[in-house]
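First the proteins, then the strands, lettered A, B, ... as listed; each starts at 1.
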There are 2 protein chains.
Amino acid sequence: MSAHRILGDRFAGWQKLALDSSQCPVRNLLDRIGDRWSLLILCALAAEPRRFSALARDVPDISKRMLTQTLRTLETDGLVHREVEPSIPPKVTYSLTPLGQSFAGPMLGLIDWAEANFAQVQAARLRFAEAARTYSASLSAIASPAAKPLAHAHWKL
Amino acid sequence: MSAHRILGDRFAGWQKLALDSSQCPVRNLLDRIGDRWSLLILCALAAEPRRFSALARDVPDISKRMLTQTLRTLETDGLVHREVEPSIPPKVTYSLTPLGQSFAGPMLGLIDWAEANFAQVQAARLRFAEAARTYSASLSAIASPAAKPLAHAHWKL
DNA sequence: TTTACTAGGTCTCAAATAGAGACTAAAGAA
DNA sequence: TTCTTTAGTCTCTATTTGAGACCTAGTAAA
């Protein structure tokens, strides 16, 4: 039985229980780590425990604000451990908890897929862009040159 | 070698190549599916192809706007197929492409983890909330009753 | 002695993004 | 004639994110 069938059955199962995000583990997880930074930070910490500023350096483009916020969330969820060395200024080291480490498996699956299928995704994007270009060209051939893409164009059959 | 070590090494590898989100498959993937809805929609479609309105019903709390937008992104990335039946009003059916189906494996890994470890996450949250309560109680015992949690409190060693 | 620097944040304000809900077109049903 | 149906889109508002200034106090440099 293929993974996508299993997944589908699983989804159908949740529905019967009304998938409420506070109750459903999956909704709950997605609400937490379903953002641009969490997984990236988890990866970085999997490589090695890091201080706050090292993380800020190594996770590109993240602002201190989001870094703080994301780390806090991961900490409350028990995936990340925060340790303060009481010097002045203090030094704070973040590391994965055992629970956080156990999450590495699934994360690795995701990452492997991404690396293996990136080319296909890029190809799909090119095809889509090309299709859109062709379509809009055909539109402007009919309508006035400056015509904007029509809302509800799909309705005009 | 544990998954989290492998993951760490992988991350270290990316860094050398400067992980630029347009080039790096993983950043790229995370920028796309790293949101509240994509994975959920993919799950729903794994269960069975659905029409737009069925998706809106079955994926709870999503607005039409986000549903449209997310489906569009998944379509451009080649994970989802959109098929219009030219009646009036038109009927649009969404389904997983083979590429989308191949993504079910990794997704299932994530979901299994979520279901297996949800209890631990909840326990961590309770511990954290309790710790915060205790801490703020100890603060107000020292400072004036109405004192707000002090900014930079961690500095005062 | 004054100045600069450091680490790990927080705070404010602006920009981007998400959500709520009204609106649309054309045909068929009541 | 009015109502319903479908797959969106549009506008307006609310929430989230990002940029960047600021803070603290001990140590090092000037």
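With D/dT6, D/dG8, D/dT17 as the candidates, the nucleotide lying closest to the side chain of A/Arg36 is D/dT17. Taking the side chain of B/Thr68 as heavy atoms from C-beta on, and the options C/dA27, D/dT9, D/dA7, the nearest nucleotide is D/dT9. In the set C/dG8, C/dA27, D/dA7, the nucleotide with an atom closest to the side chain of B/Ser53 is D/dA7. With C/dA7, D/dG8, C/dG9 as the choices, the nucleotide that has an atom nearest any side-chain atom of A/Lys64 turns out to be C/dG9. Listed nucleotides D/dG18, C/dA7, C/dA18 differ in distance to A/Arg51; the shortest reach to its side chain belongs to C/dA7.
No donor-acceptor pair closer than 3.5 Å links the side chain of A/Thr93 to the backbone N or O of A/Arg51. Side-chain N or O atoms of B/Ser38 include none that pairs as donor or acceptor with a backbone N or O of B/Gly34 at under 3.5 Å. Side-chain atoms of B/Asp35 come within 3.5 Å of backbone atoms of B/Trp37 as a donor-acceptor pair (strictly under, hydrogens ignored).
For the pair B/Ile88 CD1 and D/dA7 C1', the computed distance is 13 Å after rounding to whole Å. One can place CG of A/Leu55 at 14 Å from P of C/dA7, the figure rounded to the nearest angstrom. Following rounding to the nearest Å, A/Leu67 (CG) and C/dG8 (C1') show an atom-to-atom distance of 10 Å. Straight-line distance from the NZ atom of A/Lys91 to the P atom of C/dG9: 14 Å, rounded to whole Å. Atom CZ of A/Arg72 and atom P of C/dG8 are 12 Å apart (whole Å). For the pair A/Arg50 CZ and C/dA7 P, the computed distance is 16 Å after rounding to whole Å. For the pair B/Asp31 CG and C/dA16 P, the interatomic distance rounds to 16 Å; values are reported in whole Å. Remark: P of D/dA19 and CD1 of A/Ile62 are 11 Å apart, rounded to the nearest angstrom.
Counted by atom type alone, A/Arg82 and A/Tyr94 present one or more donor-acceptor pairs between their side chains at under 3.5 Å.
Around CD of B/Gln122, the count of heavy atoms belonging to other residues, nucleotides or ligands within 6.0 Å exceeds 12.
Side-chain N/O atoms of A/Trp37 include one lying less than 4.0 angstrom from OP1 or OP2 on D/dG18. Put simply, A/Tyr94 has no side-chain N or O that comes within less than 4.0 Å of OP1 or OP2 on C/dA7. Between D/dG8 and B/Arg82, a contact under 4.0 Å exists linking OP1 or OP2 to a side-chain N or O. Side-chain nitrogen and oxygen atoms of B/Ser63 include none within less than 4.0 Å of the OP1 or OP2 phosphate oxygen of C/dA20. Remark: A/Arg65 is not in phosphate contact with C/dA15, judged by side-chain N or O atoms under 4.0 Å from OP1 or OP2.
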